[in-house]
Amino acid sequence: MIRAKTFKIEGIVQSVGFRPFIYRLAKEHNLKGEVLNEGAYVHIIIEGEEENIKNFSDDISFKAPPISRITKISEVNVEVKNFKEFAILKSSAQGNSKTSVSISPDIAICEDCLAEMMNKKDRRFEFPFINCTNCGPRYTIIENIPYDRPYTSMKHFKMCEKCLEEYKNPENRRFHAEPNSCHVCGPKLTLLDKNKNIIETNEPIEKTVQLLKQGYITAVKGIGGFHLAADAENEETAALLRERKKRKDKPFAVMSYDIKKIEKYAYINDSEEKIINSFQRPALLLEKKIPNILSELISPKNKYIGVMLPYAPLHYLLLKDFTALIMTSGNKSGAPIVTDNEKAFKELGNIADYFLIHNRDIYIGCDDSVVKTAGSKTVFIRRSRGYVPSPVFLKKEYKNDILACGGELKNTICFIKENNAFLSQHIGDVENLASFDFFEKTVNHLKHMLSAEPKAVAFDMHPEYLSSKYAMKLENIEKIPVQHHHAHIVSCMAENMIDEPVIGVSLDGAGYGTDGAVWGGEIITAYPHKFERAAHLSYLPMPGGAAAVKEPWRMAVSSLYKTFGEEFLNLDIPFLKNKNKKDIELILEMISKNINSPNTSSMGRFFDAAAAIIGIRDKISFEGQAAMELEMLAEYETEDTYEYERIDREICEISIEPIIKGIISDLKKHADISHISAKFHSTVIKAFSETAEKIREKSGINIAALSGGVFQNSLLLSGFSKALKSKDFKVITHNLTPSNDGGLSLGQAVIAAEILKNKN
Ligand code: ZN
Ligand code: ZN
Ligand code: FE
C-alpha cells in the first residue's frame, strides 16, 4: 500500500548537500515526493511503500552528509497526493521564525575537489576557488537565509553553462553548491604591491610564491579574512614581520602543505593528526622539534608551535614549495581581522609588501581557530572558523531567546534559541572603536541570521567593559549582569549538560567581583542561576591596576611586601639585584597609600608574581605570557609542594605568604628554577583541591568544574583533574568551548536563560 509522510529535519542541514542527499536516498528507496529548505529546516514529503519509507527514514541520520549535523527529525503521516517523481524544490524563506537556524561553518576543501584541482586534465586545474556541496566557504559569505546563491557574496558571479549544468543536476557533487564556479565564471585573483599597483602576470600565484621565497611579506585574502604570509624558514622576514606588526613575542601560526612537511619541525601523533586534518582545520599546538628548522621568532620561548593544514584551495597552491609559511591574522594590532580589499591596503600597507587579493567578498570576518590536545580530547584556545556558527547543544530548551555579550578580552557573543547556544566567532579584545564596531556588527549579523528576538541580554558585571555598556543601552530588553567567574563555571556546566550544583574552581586573569575587587583565584558553589563564593586566594594590591598586568614585577613587589614587609628589600635574590631602587619605592608608596592599587585574588597575577620573582620575566607583551613561560619551564609534574595556609571562615582564604616564603628559600638554596616552577604548580593544585574537599564537606556537592583562562595551562588542567578525581570528585572540564574568556558568553547566556525561566 502506498503511504505518505512528511519529515522536518533540524540541525545543520542547509548548505551541506542535504537536499541532493535526500534526492539520492529517495531514488535509492524508490520513493516519490519533494524536498526543500524551509526557513531553518529541511522539509520532505515522501510517498511509496511503507517498508521503503521506513528504510528511507532510518537512512536519513545514518547516511547523512559528513558535515551535516541533525538535531531533530519529526515525522508526520499525511494524505497521499500521487507524486510522479522526486523533486528538489526552490527554497522558501518562510517557515517559523522561532525555529533555530543552523548555518554551516566554513569547510576546508574536500579530497575530491583537491584531486580535481591538482589534475592537469580537469577543467578546474589550479582553480583557487574550487568547491562543492561537501566543502567551501559558508558562514563568511552568507548575507541572509535561506542559504541560496543570491544571498551570498557569489551573487555577483553568473555561472557559465558548464557550472550551471552541474548546479542543476541532482546527481552531481556540485548540485546547489552555492559558491560553484570555475576559471571562466568564478572569482579572480590579483597581485598588487602595497601602493596598489597591479603586478602584471598571468600567474599571480606563481609570482606570489617567488616573492615569498625572496623574503617578502604578502597579505593573502583567504576565507575569513586576510593573512599575513611569510616564509617560516626565513629568520629576517620573521623579524621584519614582528617589527612591522608591532608584535613582540605573541606566537604566530604556520601552515604546511601536508603532515610530512609538518613532521620536519614538529611532533604529531595519531589523535593530533585527526584534529589537524578535520574539516574545521584549526591551528593545532604541536611540540617543536629541536633543533628548530623554522625561525625561532615564530613562537619564542615556547615549546609549542601553532600549525594548520591548508583549508582554502588557494593555500594548497601557495604552499607546495615551502616547508611552512607563517600565516598570521591580517590585522593592525588591537583591530579585528581585515576582510575588505580597500581596508587591507589601508591597515596592512605598512606591514605587507604585496597583496594577493580576490573579488569574492567576505561578509563577516572569521579568524582561525586555535586548539591543543589533552590525550585524545580537543582543548579550545579559540573557537572560531570551522566551528562557528555550529551550536553548542544545551540540556534544556528555553522558551525565550537570549543574547549574551561576553567579556572584554577574547570576546565572543552568544545567542540562545531553544536548546541551542550559538557562539560567535572570535571578536577579539573589545577595547577600542574598531573592535567594538566588529562586536556590534557580529551581534546584528547573528541576530539576523538566527532570526533571534532576545528577551534578555546578559553581560559582565564590570561597568567599564564596552560590551557591558552596549548591553545596558539596549532598549526593551531585560538586562541581566553576570559575575565573571560564575559565567566561566556555568559555561563549563552547560557544555557538559550539567545543571545540578557544582564546586566551581575558577582560576583566571581578572573578573569583576561582587565586592568590587578583581577576582580570579576562586572556588564558588555554582548553580545555573546563582552562585556563592566559597574560597579565594588572599587579596594582593595590584599597584597601577592595568600596569600591573603588563609588568609582572609589580606583582612580585606586591607579594614580597605582603609576605616580608619592607624587610624583603634585604633579601639576597636575583630579582632585586637588577631592579632600580626608586622604581620599587614608587610601587611601595602606591601600595601603602592605596593609590590606584585595587585588591586582587587573581591566580593569573599570582603566577605573574612567581614568574617575576624567579627571574623569568618582568614585563609582558601579550596576555598570560609570564604564566605561560612559567608553565613551559616546569616541564613535569612533581609531588613536591610548598607549604600553604588556609584560613577557614565563611569564605575560606588561601594565603600566599607561605608559598612565597617557600620560593624564596629555594632561590636562596640556588634550586633549579624549573623545579621551583613545577613545585609552584603542584602547590596551587594541592591548595585548591584540598579546599574543594573542605567545601564538599559543608555543601555535599560532589561535582567539580574547572574553568577560567589559567586552565589553558596544561600542567594545571591535568594536575587538577588527577587530584580531584583521586578525591572521588566527578570532574568536568571544557572540550567544546574555551576555558578562557572566549567561552564566557555561553555561561552568561545560560545564566540569563535560567534566571528568566525561574521568574516566569
Ligand atoms: Zn569539495
Ligand atoms: Zn563556470
Ligand atoms: Fe576570565
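Just so you know, ligand 1 is whichever comes first in the structure, and atom 1 is the first atom listed for that ligand. This one's a predicted model, so the numbers in the text were calculated from it and none came from an experiment.
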Quiz prompt | Angle, NE2 of His484 through the Fe ion (ligand 3) to OD2 of Asp508 - 10° precision | solution =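 It is 90°, given to the nearest 10°.
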
Practice problem: Decide if atom NZ of Lys479 counts as having more than 12 heavy atoms of other residues, nucleotides or ligands within a radius under 6.0 Å. | Solution: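 Atom NZ in Lys479 is crowded, with more than 12 foreign heavy atoms closer than 6.0 Å.
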
Quiz item: How about Glu273: does its CD atom have over 12 heavy atoms from other parts shown lying under 6.0 Å from it?
Solution: yes

Quiz item: Quick one: angle Cys110 SG - the Zn ion (ligand 1) - Cys113 SG, to the nearest 10°?
Solution: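 Computed angle, vertex at the Zn ion (ligand 1), rounded to 10 degrees: 110°.
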
Quiz item: Which angle, to 10 degrees, forms at the Zn ion (ligand 1) with SG of Cys135 on one side and SG of Cys132 on the other?
Solution: 120°

Do the two ring centres, one from [X] and one from [Y], sit under 6.0 Å apart?
{"X": "Phe680", "Y": "Phe607", "answer": "yes"}
{"X": "His484", "Y": "Tyr512", "answer": "no"}
{"X": "His734", "Y": "Phe711", "answer": "no"}
{"X": "His462", "Y": "Phe459", "answer": "no"}
{"X": "Tyr167", "Y": "Phe175", "answer": "no"}
{"X": "Tyr139", "Y": "Tyr363", "answer": "no"}

Practice problem: Report, as a single number, the protein N, O or S atoms less than 2.8 Å from the Zn ion (ligand 2). | Solution: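 N, O or S atoms of the protein closer than 2.8 Å: 4.
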
Exercise. Please name the atom of Asp741, restricted to N, O or S, that is closest to the Fe ion (ligand 3).
Key: OD1

Quiz item: Restricting to N, O or S atoms of His488, which is nearest to the Fe ion (ligand 3)?
Solution: NE2

